[in-house]
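Here is the structure we will look at.
Quantities reported herein were computed from a predicted structural model and do not represent experimental measurements. We name chains A, B, ... by the order of the sequence lines, and we start the count at 1 in each one.
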2 protein chains.
Amino acid sequence: MPQPQGSNGKVTIIEIADAAGVSKSTVSLVLTGRGAVKPETRQHVLQTMDRLGYVYNRGAANLRNAQSRIVGLVLNDLSNPFFAEFAIGVEKVLQMAGYVAFMANTAESVVRQEQVMRMMREHGAGGIILCPALDTRPEHLDWAKAAGTALLVAIRRLPGAETSVVVPENLVGASRVTRHLINLGHERIAFLGGMHSMVVRQERHGGFLSAMEAAGRNVDPALNLESMPTRDGGFGAMSAVLSLADRPTAVVCYNDVTAIGAMLAAARHGLVVGRDIAIVGFDDTSEARHVSPALTTVAVDPVGLGERAAALLLKQINDPSAEPESFIGPAHLVIRESCGAYQRALAAAG
Amino acid sequence: MPQPQGSNGKVTIIEIADAAGVSKSTVSLVLTGRGAVKPETRQHVLQTMDRLGYVYNRGAANLRNAQSRIVGLVLNDLSNPFFAEFAIGVEKVLQMAGYVAFMANTAESVVRQEQVMRMMREHGAGGIILCPALDTRPEHLDWAKAAGTALLVAIRRLPGAETSVVVPENLVGASRVTRHLINLGHERIAFLGGMHSMVVRQERHGGFLSAMEAAGRNVDPALNLESMPTRDGGFGAMSAVLSLADRPTAVVCYNDVTAIGAMLAAARHGLVVGRDIAIVGFDDTSEARHVSPALTTVAVDPVGLGERAAALLLKQINDPSAEPESFIGPAHLVIRESCGAYQRALAAAG
DNA sequence: TTCCTTTATTGGAACGTTCCAATAAATAAC
DNA sequence: GTTATTTATTGGAACGTTCCAATAAAGGAA
């Protein structure tokens with residue numbers, strides 16, 4: 001039965017020592033498990049701590065040995081299930097290593113990102129995993145080198161920043177899904193969604209272009225539309241594309257969210273996705289499986305990327321002199337219904 | 001140009017004082033902005049801090065005045081977009097108040113939940129917002145009263161725990177959506193999904209029952225089926241219900257995820273949802289909008305709930321003697337296609 | 001000038017922990 | 001039975017900050 005301590009709420013190591021009839025040093029030894037302490041003494045101290053409702057004060061401890069075992073996880077968009085899954089992967093690995101994640105959402109605001117990273121440093125975070133907000137400049141991260149804080153950039157590469165990086169194989173993935181559409185016989189293929197300034201879009205669009213060129217397909221600049229990477233953005237861009245005189249027969253979207261918006265727009269125009277038009281996405285979020293028709297997309301295993309990011313960061317924390325390291329996660333094609341391949345196969349068989 | 005400090009990485013207030021030719025007390029005054037310090041001195045000190053790359057050490061500061069301005073946010077399932085949105089609401093309010101959220105995911109594990117809450121206390125969190133994991137017992141939270149830590153339970157009410165609570169109007173919401181089905185002329189209505197032990201299910205099922213009874217409808221115990229609150233669970237329960245001799249004409253589901261599973265099962269049995277059978281959900285997740293036919297459901301504004309939870313917690317932190325307070329968030333009906341109301345209206349008009 | 005008040009600045013004592021060197025007790029070696 | 005060695009325990013000095021009481025400097029009023 002925890003006894004709320006006498007006057008103020010905080011029970012300290014010294015009060016435990018007094019109550020247990022030992023010195024504070026002994027209590028400390030029990031706490032850290034470092035020195036040799038007689039089993040019965042240890043037991044007694046532990047009981048006393050339990051009885052008085054003791055809480056370890058990590059702030060005070062960190063004052064002595066700067067080993068905080070906390071790392072920061074800075075996400076640019078928590079409402080995107082992709083990042084939520086990434087976070088789950090990160091937490092899983094950190095937990096196993098006895099670390100705890102200080103997680104924050106910047107909602108694409110560089111200002112908020114700056115604030116949040118400062119807070120984390122002030123709290124003694126040993127490292128930070130950063131999914132950078134859209135307008136992040138590499139010089140925003142210079143403090144890390146100077147302060148010797150381990151910093152890892154994830155998901156969105158930040159050209160010019162000399163840190164470890166964990167990103168998916170955007171170029172290859174986009175190239176694969178585009179080739180898939182080409183193999184299905186499509187000639188006019190559009191690329192939809194994302195803003196030009198986003199590195200991820202540049203990579204994915206680059207993959208799209210390389211597949212098109214490799215197949216000798218013509219790339220119509222009118223079929224390259226930017227939009228915010230949201231459902232509404234995808235809806236708008238798709239509507240624009242469908243109002244063209246010469247419509248495409250297939251559409252590669254920046255990501256799943258955009259693709260789902262595009263599917264809605266197509267349906268609104270009376271098109272049956274997968275039959276009248278092919279639409280594909282990127283990321284393989286759980287939504288992709290559940291929309292109707294199910295979305296053909298590129299899977300990048302966000303949980304796995306998160307695990308990898310955490311592992312890499314821990315390595316860097318433990319060996320601060322190590323060189324920055326990069327991990328490029330695999331991206332593989334997931335064929336479902338929205339590209340029409342399934343229907344085509346059925347037709348061929350029947 | 002931040003100069004990485006001589007030997008170890010950490011620059012302290014004393015080094016700043018030495019470099020600026022003032023005392024550490026003066027630097028502290030500049031830092032906290034409390035005392036009266038000559039503008040030129042302040043300026044000079046600030047410049048010196050910038051020059052040496054000083055980082056405030058919150059741990060050391062908290063040692064003196066236990067004002068940490070951090071609060072913990074413990075989520076039971078981050079992969080559920082509902083909780084991600086809730087978290088966004090919480091962060092928004094905390095940020096405005098100059099607080100920072102220490103966020104963690106328990107993945108429904110009570111053990112992990114315990115770990116994570118302990119960590120947060122150890123780091124000096126002034127309060128915690130807890131979305132409890134499934135098997136949480138009220139006595140797991142007893143420490144909060146004893147330690148005087150502000151604790152707020154959100155989304156899942158925890159009977160027997162004497163804390164502030166922020167939850168949606170589950171009973172009223174379920175009652176509303178049930179009445180909607182009754183008004184559409186349904187007689188045999190089933191309730192599907194969720195496990196009996198879940199408080200949220202008890203509330204929603206209670207709302208279902210009250211609407212049925214108020215309308216004088218007969219409640220067939222065979223039409224109350226439990227399942228895990230997953231898509232597969234919904235699929236299984238719906239399949240079971242459809243194998244009954246006397247099928248229901250409408251189904252109220254525990255939540256959207258379950259409802260979507262139920263829709264798949266209905267389709268598999270050759271039924272057209274919205275015409276041959278009505279299916280409704282709860283939560284209004286983004287998926288509800290995008291399945292086909294779109295799901296009629298109950299919206300509960302997770303972001304708003306998050307904002308409210310944060311506001312309530314801050315209030316409690318600032319006035320620890322205040323009584324626990326509850327907020328029951330509104331739940332309103334969102335009519336889409338899966339209930340058949342739309343088709344019925346069309347038929348009436350045509 | 002002298003005294004009082006306000007404005008700036010300061011050293012030292014906390015805060016709760018860990019570590020080090022020192023001691024006390026128990027065991028092993030001779 | 002003495003000495004070495006191991007095993008348990010301990011006080012005190014940090015760690016980086018804030019606060020308090022004290023001092024120094026600067027004006028204002030007599």
Open item on the list: Any donor-acceptor pair under 3.5 Å linking the side-chain atoms of B:T48 with those of B:D50?
Closed with: no
TODO: Round to the nearest Å and state the distance from B:Y54 atom OH to D:dG16 atom C1'.
DONE: 8 Å
TODO: Could you check how far CD1 of B:I13 sits from P of D:dC19, rounded to whole Å?
DONE: 11 Å
Task: Length of the line joining A:L63:CG and D:dT18:P, which is rounded to integer Å - done: 12 Å
- [ ] Can you tell me the distance, in whole Å, between the CG atom of A:N62 and the C1' atom of D:dA14?
- [x] 15 Å
Open item on the list: Measure CG/B:D18 against P/D:dG16 and give the value in whole Å, please.
Closed with: 13 Å
TODO: Check the pair A:S25 / A:S28 against side-chain hydrogen bond (donor to acceptor under 3.5 Å, both in side chains), numbers first and verdict last.
DONE: CA-CA 5 Å; A:S25 304; A:S28 175; over 6 Å; no
- [ ] Using distance alone, with no hydrogens and no angle criterion, decide if B:E85 and A:S79 have a side-chain donor and acceptor under 3.5 Å apart.
- [x] no
- [ ] Please indicate whether B:R58 has more than 12 foreign heavy atoms, meaning atoms of other residues, nucleotides or ligands, lying under 6.0 Å from its CZ.
- [x] yes
Task: B:Y56 OH - D:dG16 C1' separation (whole Å) - done: 10 Å
Open item on the list: Nearest to the side chain of A:T32, heavy atoms from C-beta on, is which of C:dT17, C:dT18, D:dG16?
Closed with: C:dT18
Open item on the list: So B:R34, base contact, sugar-phosphate only, or nothing? Heavy-atom distance under 4.0 Å.
Closed with: sugar-phosphate
TODO: At under 4.0 Å between heavy atoms, which parts of nucleotides 8-13 of chain C does protein reach? Answer with one letter per nucleotide, 5' to 3': B base, S sugar-phosphate only, - none.
DONE: SBBBBB
Open item on the list: Counting the atoms with a prime plus P, OP1 and OP2 as sugar-phosphate, which does A:S28 contact under 4.0 Å by heavy atoms, base, sugar-phosphate, or nothing?
Closed with: base
- [ ] Take atom NE2 of B:H123 and atom P of C:dT17, then tell me their distance rounded to the nearest Å.
- [x] 14 Å
Open item on the list: Between B:S164 and B:Q316, do the side chains contain a donor N or O and an acceptor N or O under 3.5 Å apart?
Closed with: yes
Open item on the list: Could you check whether any side-chain heavy atom of A:L75 comes within less than 4.5 Å of a side-chain heavy atom of A:L73, counting everything from C-beta outward?
Closed with: yes
